[in-house]
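Shown next, in structure tokens, is the structure this report addresses.
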Amino acid sequence: MMLRTGGKRLLGLGFVRQVAATPAAAATAARSYHERVVDHYNNPRNVGAFDKKDPTVGTGLVGAPACGDVMKLQIKVDENTGKIVDACFKTFGCGSAIASSSVATEWVKGKQIEEVLSIKNTEIAKHLSLPPVKLHCSMLAEDAIKAAVKDYEKKRDKLGQNKESALDTAEKAANA
């Protein structure tokens with residue numbers, strides 16, 4: 001018992017009890033995150049990954065070097081309609097970054113690609129009631145959406161060019 005307690009003291013884990021000066025300060029300390037942030041952190045929606053080689057999947061990988069948050073957001077697009085049929089994320093970061101990712105995946109599902117590009121970090125931040133010091137988390141989510149769309153469009157264009165070149169080759173062979 002003595003050794004365990006002494007070890008905790010060395011690590012700064014023992015015998016420290018912080019007492020708030022006022023009941024209001026105690027309430028603020030107890031709920032420093034908005035309930036929507038806590039909900040998305042405790043029950044994140046759409047965690048996972050798609051095969052990044054799938055031509056219908058766009059992957060956005062973004063990070064914030066200042067705080068160490070890294071966010072990967074992926075979208076799966078119906079090629080016929082251009083509608084995002086599914087989305088998922090994996091985020092290494094604080095509760096606000098995880099909540100921003102979770103909200104972003106919910107908001108992009110069922111929307112056209114052009115629509116999701118209009119999702120702004122300020123809307124995510126407002127929805128989650130993020131404090132100014134956590135706005136970078138919602139910026140990461142916006143950047144991840146844009147990066148995922150860009151990746152999907154790059155794949156689609158590359159696939160289209162490959163199809164065209166295959167058609168050109170077939171036409172040239174037929175004309176020869």
Side-chain angles (χ1 to χ4, degrees), residues 4-5 7-9 11-52 54 56-78 83-113 115-152:
R4 195 177 316 161
T5 306
K8 286 183 180 181
R9 242 191 245 165
L11 296 173
L13 301 174
F15 304 110
V16 178
R17 184 173 172 224
Q18 294 191 0
V19 179
T22 65
T28 302
R31 58 179 178 88
S32 58
Y33 283 112
H34 189 274
E35 63 188 43
R36 281 192 283 265
V37 174
V38 174
D39 179 40
H40 279 277
Y41 176 76
N42 288 331
N43 307 298
R45 281 63 147 188
N46 310 307
V47 175
F50 300 131
D51 179 6
K52 65 181 180 182
D54 183 340
T56 65
V57 171
T59 302
L61 182 64
V62 296
C67 67
D69 292 344
V70 178
M71 187 178 293
K72 179 174 86 170
L73 187 138
Q74 294 180 297
I75 56 173
K76 187 180 261 297
V77 182
D78 181 326
K83 189 179 276 193
I84 296 171
V85 293
D86 204 359
C88 63
F89 79 94
K90 284 189 178 179
T91 294
F92 177 80
C94 66
S96 296
I98 293 167
S100 295
S101 306
S102 180
V103 167
T105 59
E106 283 193 318
W107 287 6
V108 300
K109 280 185 178 183
K111 292 193 171 127
Q112 296 292 112
I113 286 186
E115 283 182 87
V116 300
L117 291 174
S118 68
I119 294 173
K120 299 294 176 210
N121 73 293
T122 52
E123 296 167 329
I124 296 169
K126 185 177 179 182
H127 177 74
L128 293 171
S129 299
L130 295 179
V133 73
K134 293 294 183 177
L135 289 180
H136 67 279
C137 299
S138 62
M139 289 180 204
L140 279 178
E142 179 185 342
D143 292 345
I145 292 168
K146 289 178 180 174
V149 169
K150 185 176 181 180
D151 181 58
Y152 168 74

What are the two closest heavy atoms between [X] and [Y], and how far apart are they?
X    : Y    : result
S102 : H40  : OG-ND1, 2.7 Å
S101 : L73  : O-CD1, 4.3 Å
M71  : A144 : SD-CB, 4.1 Å
G48  : Q74  : O-OE1, 4.5 Å

Start with the C-alpha gap between K72 and T91, add the side-chain angles, then the distance that decides, and say whether side chain to side chain contact (heavy atoms under 4.5 Å, CB included) holds. CA-CA 6 Å; K72 179 174 86 170; T91 294; over 6 Å; no
Pair R45, D39 - check salt bridge (Lys or Arg N to Asp or Glu O under 4.0 Å), show working. CA-CA 10 Å; R45 281 63 147 188; D39 179 40; 2.7 Å; yes
Side-chain (T105) to main-chain (C88) donor-acceptor, under 3.5 angstrom: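 Pair absent, no side-chain N/O of T105 close to backbone of C88.
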Is a side-chain N or O of S100 found less than 3.5 angstrom from the main chain of S96, in a donor-acceptor match? yes
State, with a plain yes or no, whether a side-chain heavy atom of [X] is found less than 4.5 Å away from one of [Y].
X   : Y    : value
N46 : K109 : yes
C67 : C94  : no
I75 : V149 : yes

Side chain to side chain contact (heavy atoms under 4.5 Å, CB included) partner of S138, the single match among T122, L128, N121: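 Single side chain to side chain contact (heavy atoms under 4.5 Å, CB included) partner of S138 among T122, L128, N121: N121.
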